[in-house]
Amino acid sequence: MKKYTLQNKPFVVPTTDGKLIEEHHGLASTNNPNVSIAHMIAPPGWSEPFQTPEFEEYTYIISGKKQFIVENETIILEAGQSIKIEKNTRVQYSNPFEIACEYIAICTPAFDFNKVHREEE
């Protein structure tokens, strides 16, 4: 039995908003319910509705900037910065800036569409 899992072909999550989501480990890619690790690129002007997920989410910014509205506080992260959002916290993710934002997102337990609880726009 191998003591590692090499991921060469991440699951590309289909989107309609121009955002690239490549899940390397998680429910969709490796059937791992404990953690998801995804490489993402949010295009300029991108945003999601508010959500209150049942999982923690860590974000590390590789390039560009990303805006977070956590409860009622607006936070802007730049390259080299990271944030942890606790589970059951109301949050909105967006890129209202003029350049794309590349980042890594890690969710524990793994990201699950049934547990993200996005609000209607």
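Computed from a predicted structure; not experimentally measured. Below, each value reflects all heavy atoms present in this structure, side chains not excepted, and no hydrogens, waters or symmetry copies.
- Side-chain contact between Ser29 and Gln7 is present, with at least one heavy-atom pair separated by less than 4.5 Å.
- Criterion: ILVMFWY side-chain heavy atoms under 4.5 Å apart, direct or through other members. Under it, Phe55 and Phe113 are part of a common hydrophobic cluster.
- Side-chain atoms of Gln81 come within 3.5 Å of backbone atoms of Glu78 as a donor-acceptor pair (strictly under, hydrogens ignored).
- The hydrophobic clustering, which links ILVMFWY residues whose side-chain heavy atoms are closer than 4.5 Å, places Met40 and Leu77 together.
- Cluster membership check: Val12 shares its hydrophobic cluster with Ile41, using side-chain heavy-atom separations under 4.5 Å among Ile, Leu, Val, Met, Phe, Trp and Tyr.
- Summarising the geometry of Thr52 relative to Asn88, their closest heavy-atom pair is CG2-C, 3.6 Å, with the distance given to 0.1 Å.
- Here His25 contributes atom NE2 and Ile106 contributes atom CD1; the two are 10.5 Å apart, rounded to the nearest 0.5 Å.
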Verdict with reasoning, Tyr60 to Tyr103, per side-chain contact (heavy atoms from CB on, under 4.5 Å): CA-CA 6 Å; Tyr60 174 78; Tyr103 60 101; 6.0 Å; no
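- In this structure, Gln92 and Ser47 approach most closely via the heavy-atom pair NE2-CB, 4.4 Å.
- When side chains are defined from C-beta on, Tyr93 counts as touching Ile85, because their heavy atoms get closer than 4.5 Å.
- Here the closest heavy-atom approach between residue Ala105 and residue Glu57 is recorded as CB-OE2, 3.6 Å.
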List the steps, then state whether side-chain contact (heavy atoms from CB on, under 4.5 Å) holds for Lys65 with Cys101. CA-CA 6 Å; Lys65 295 189 282 189; Cys101 179; 5.8 Å; no
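- The backbone N or O of Val116 lies less than 3.5 Å from no partner atom in the side chain of Gln51, so there is not a single donor-acceptor pair.
- Applying the side chain to side chain donor-acceptor pair (under 3.5 Å) test to residues at least two apart or on different chains, the pairs with a partner in residues 9-18 are Asp17-Trp46.
- Atom CG of Asn31 and atom CZ of Phe11 lie 12.0 Å apart (nearest 0.5 Å).
- Note that CD of Glu102 is 9.0 Å distant from CG of Leu20, once rounded to the nearest 0.5 Å.
- Rounded to the nearest 0.5 angstrom, Thr30 OG1 and His24 NE2 are separated by 11.0 Å.
- Atom CD of Glu98 sits in a sparse spot, with 12 or fewer heavy atoms from other residues, nucleotides or ligands closer than 6.0 Å.
- Tyr58 and Thr108 get closest at one heavy-atom pair: CE1-OG1, 4.0 Å.
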Please walk me through it: do Phe111 and Ile21 pass side-chain contact (heavy atoms from CB on, under 4.5 Å)? CA-CA 12 Å; Phe111 180 91; Ile21 304 172; over 6 Å; no
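- Ile61 and Ile104 are assigned to two separate hydrophobic clusters, defined by single-linkage of ILVMFWY side chains at heavy-atom distances under 4.5 Å.
- Within 6.0 Å of NZ in Lys115 there are 12 or fewer heavy atoms belonging to other residues, nucleotides or ligands.
- Considering only heavy atoms from C-beta on, His117 stays 4.5 Å or farther from Pro53 through its side chain.
- Within the 3.5 Å criterion, the main-chain N or O of Phe50 finds no donor-acceptor partner in the side chain of Glu119.
- Shown here for Ala42 and Asn95, the closest heavy-atom pair between the two residues is O-ND2, 3.0 Å.
- We find the CD1-CD1 distance between Ile75 and Ile83 to be 4.0 Å, quoted to the nearest 0.5 Å.
- Pairing each heavy atom of Asn32 with each of Ala110, the nearest pair is O-CB, 3.3 Å.
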